[in-house]
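A short write-up of the structure that comes next.
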2 protein chains.
Amino acid sequence: MGTSRVTIADVARRAGVSPTAVSFAFHNPDQLGAETAQRIMAAVRELGYAPSPFARALVSRQVGVLGVLVPQGIGAIFENPFFAAFLQGVGTACAEQDRSMLVVGSPVDGTLEDVIARAPVDGFIIVGLNEGYREIEPLRRRGVPFVIVDGDSETVSSVNVDDEGGASRAAAHLLAAGHRDVLVLTFETPYGHLDDPLHGVGGRRLRGYQQAFRDARVAWRDQWLIPSVASVEGGRQGFLTALRSGLRPTAVLAVSDAIAAGALAAAARAEFRVPEELEIIGFDDTILAELSCPPLTTVRQPIVDKGRIAAELLLDALADRGSAERIVLPTELILRGTTRAPEIRTRSRHNKHRRTDDGV
Amino acid sequence: MGTSRVTIADVARRAGVSPTAVSFAFHNPDQLGAETAQRIMAAVRELGYAPSPFARALVSRQVGVLGVLVPQGIGAIFENPFFAAFLQGVGTACAEQDRSMLVVGSPVDGTLEDVIARAPVDGFIIVGLNEGYREIEPLRRRGVPFVIVDGDSETVSSVNVDDEGGASRAAAHLLAAGHRDVLVLTFETPYGHLDDPLHGVGGRRLRGYQQAFRDARVAWRDQWLIPSVASVEGGRQGFLTALRSGLRPTAVLAVSDAIAAGALAAAARAEFRVPEELEIIGFDDTILAELSCPPLTTVRQPIVDKGRIAAELLLDALADRGSAERIVLPTELILRGTTRAPEIRTRSRHNKHRRTDDGV
DNA sequence: GGCCTTTACTAAAAGCCTTTAGACCATAAT
DNA sequence: ATTATGGTCTAAAGGCTTTTAGTAAAGGCC
């Protein structure tokens, strides 16, 4: 408060050495006589000196911080179990290198660009934005390395999962069980130029569903597609909207577990028996899927790994080792309680389906 | 990579002005002629200039980052739904001021102290550590403001909840229903000097339970107290340990929802009917409580608010307004599916209990 | 025309650290 | 005895920006 910061010069004076020596005492003790080094560290303790992270970063060009950029309100980020798992992966990789993690979301007033520009990080993990996106141009110019997650990139590393494959397997599972009246709940993307439903993970998953319909020669009907807010509440609304427009689905494909859980809740309220009268398949395999009642059949993606791998790729880029890699992680259909047991009918068939997704 | 950063001097040269003018163009455009300001901004765009956050922070003593310090492995942090909610609160307050949020956990190799020392933040929110804790001394000396959450402080602001009250109400609820064989699952705190079970939130909650036993004149038995790892798995193990040592509880008090959920799962496996044969009360009211089957009766604490308020207090401290405040938020017993409906017997009594916790 | 005020801009310092190149001294090698 | 070696330590530059104090020119006023 009142007293001004204690600087390296203060310590140097106290210990009767040059500032250089103090710096060496921290980073290069071997350069110093043992006795001197001790005297310096004693002065450090007495004065309670800690180097300014900013001055240090200014010269060493390293802060020890990895940024995670998610173009959503921070509230939305932490309500979404996907991000909890993802950040766990990123954080784990950070902790292994004694780094910490900066979470950057869309600000309430200012622009995302400003917040990015001011972020004190060594590099960024950018989630859900393609490389070409305007807001990230400044990063490139500032020379801040970044990697892309759930988005496309030609020039930097990216981590994605096989959304289309997973979605297609989910849809195929339902179609093989004979369903024709399948309600599809997709993301209603609220982000301007990302609005095109063929963009982003929502678009990919949708394409996967459609592919399965084509493969099974079942007609795709756009009226059975309901865009929903990406939350439990959104899923509930989506399902109700469907009912109100007169649809009577026997199965639901949801592009996220949250949406699926909402649909499940709404269905239970409307006295559908799940899975006997209504089968539901979600996406992601977040904690929601495991905990819902009954537990959700869903397409699992390795979320924690995704975060960890993204962080590792970024660390590679920071160390200037490794070149741009495009990782695509597998997805897997996890059968739980919102689909009927398929073993009786089509065990071999489904096993085949499930096997298409190994390898990285 | 190859090209070195473009600095303010480059822009100045390009626009034919001094670096000062460029700085003014950003922060004080009124000081400049309109035409000059435009020329400068044009040069900024052409060169793709972005000020270095570090140089800027060095002089302005502001980075726009709030740190959240949790003395646990980052993996553990993000597996815990409590922190998701808490960070949501902190993040919301950050976003409102165009700041971002740095999450600092215990590193794998290095020391917490080092990571703290290097963290580029304006201030810290410290969770679960008392003011006197060694690791935070450097912060005080470095002059980094901080607030304490779930811990005690004489000199800085703190945010806590009425853990004892909530725990006591939970225990009283069970005792009033006639339970005598109550299994108590507490935290097994793995952090050195925090190991004393009377420290930390675990200790407070334990004291609350014990108080209720005293009030109800029911003997407290230490063999019925099982320390458990703070996770679903930990709760499962804790319950099984109890069974193996021959305990046959009719009710469970768990100091967190995760532990309660684990106990619930283990109980279901062991063919206990919940709540008919076994009543369970958790703590926190995280998403786990709502989603478990049956949904968990629990002691709710306002987690998101807790985070938001902590951030706001820190922002106050940063702005040098307001003095150290001690906030204690209320807790509330939320009756759900793991306890039997109490209305029949003791409605008025329980309402009275629930009312003791309003006000901030 | 001399003095004062504005306006538009700049020089220089401050902010704090790391790193490079080199000084100085004592000891070992030739 | 002289040079090389190695161990300790320092001076000074560099990293990039903001801010304070101040200059120079233009205009207004008496």
Side-chain angles (χ1 to χ4, degrees), chain A residues 3-41 43-44 47-64 114 117-120 122 141-144, chain B residues 3-41 43-44 47-64 114 117-122 138 141-144:
Chain A
T3 71
S4 78
R5 263 185 73 84
V6 20
T7 80
I8 201 173
D10 299 324
V11 178
R13 245 190 314 278
R14 172 80 159 232
V17 294
S18 74
T20 309
V22 179
S23 181
F24 282 160
F26 276 94
H27 309 295
N28 252 339
D30 304 343
Q31 304 267 332
L32 260 34
E35 194 268 340
T36 316
Q38 280 175 6
R39 188 156 33 94
I40 293 174
M41 290 318 275
V44 164
L47 298 175
Y49 168 71
S52 152
F54 307 117
R56 194 193 271 231
L58 186 56
V59 31
S60 72
R61 288 151 180 291
Q62 285 257 351
V63 249
D114 284 350
R118 286 178 17 202
D122 291 325
R141 316 198 95 170
R142 200 173 110 198
V144 176
Chain B
T3 72
S4 77
R5 261 185 75 85
V6 19
T7 79
I8 201 173
D10 299 324
V11 178
R13 247 190 312 278
R14 173 80 158 231
V17 294
S18 73
T20 310
V22 179
S23 181
F24 282 162
F26 277 95
H27 310 294
N28 251 341
D30 303 343
Q31 305 265 331
L32 260 34
E35 195 267 342
T36 316
Q38 281 177 6
R39 189 156 33 94
I40 293 174
M41 290 318 276
V44 165
L47 297 176
Y49 167 72
S52 152
F54 307 117
R56 193 192 271 228
L58 186 55
V59 32
S60 73
R61 289 152 177 291
Q62 285 257 349
V63 250
D114 283 350
R118 286 177 19 202
V121 298
D122 292 324
R141 315 197 98 172
R142 201 173 109 200
V144 175

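In what follows, chains carry the letters A, B, and so on, assigned in the order in which the sequence lines appear, proteins first and then strands, with residues in each chain numbered from 1. Please read these numbers as outputs of a predicted model, since none were measured by experiment.
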For residues 25-34 of chain A, which residue pairs pass the salt bridge (Lys or Arg N to Asp or Glu O under 4.0 Å) check, not counting sequence neighbours? none
[X] [atom1] to [N] [atom2], straight-line distance once rounded to whole Å:
| X | N | atom1 | atom2 | answer |
| --- | --- | --- | --- | --- |
| A:L58 | D:dG15 | CG | P | 10 Å |
| B:R39 | C:dC9 | CZ | C1' | 11 Å |
| A:I40 | D:dC9 | CD1 | C1' | 9 Å |
| A:E35 | D:dT8 | CD | C1' | 12 Å |
| B:D30 | C:dC9 | CG | P | 13 Å |

Rounded to the nearest 0.5 Å, how far apart are CZ of B:R5 and OH of B:Y49? 7.0 Å
When rounded to the nearest 0.5 Å, the distance separating CD1 of A:I8 from CG of A:L47 is 12.0 Å
If we fit an axis to the first five pairs and another to the last five of the helix from C:dG1-D:dC30 to C:dT30-D:dA1, what angle do they make, to the nearest 10°? 50°
Under 4.0 Å between any heavy atoms, over every strand shown, what does B:L32 touch: base, sugar-phosphate, or nothing? Just pick one. sugar-phosphate
What side-chain donor-acceptor pairs closer than 3.5 Å can you find for residues 53-63 of chain B, not counting sequence neighbours?
from  : atom 1 : to    : atom 2 : distance (Å)
B:S60 : OG     : B:R56 : O      : 2.9

Look at B:R61 and D:dT18 and indicate whether a side-chain polar atom (N or O) is within less than 4.0 Å of OP1 or OP2. no
Which atoms of nucleotides 17-24 of chain C (N or O only) lie under 3.5 Å from a protein N or O atom, and what are those distances?
from   : atom 1 : to    : atom 2 : distance (Å)
C:dC17 : OP1    : A:Y49 : OH     : 2.6
C:dC17 : OP1    : A:S52 : N      : 3.2
C:dC17 : OP2    : A:I8  : N      : 2.5
C:dC17 : O5'    : A:Y49 : OH     : 3.4
C:dT18 : OP1    : A:H27 : NE2    : 2.5
C:dT18 : OP2    : A:S23 : OG     : 3.0
C:dT19 : O4     : A:T20 : OG1    : 3.2

Taking salt bridge (Lys or Arg N to Asp or Glu O under 4.0 Å) as the test, write out the residues that go with B:R39, two or more places apart. B:E35
Using distance only, find each side-chain donor-acceptor pair of residues 11-28 of chain A under 3.5 Å and give its atom names and separation, not counting sequence neighbours.
from  : atom 1 : to    : atom 2 : distance (Å)
A:R13 : NH2    : A:D10 : OD1    : 2.7
A:R14 : NE     : A:E46 : OE1    : 2.9
A:R14 : NH2    : A:E46 : OE1    : 2.4
A:S18 : OG     : A:T20 : N      : 3.4
A:S18 : OG     : A:A21 : N      : 3.3

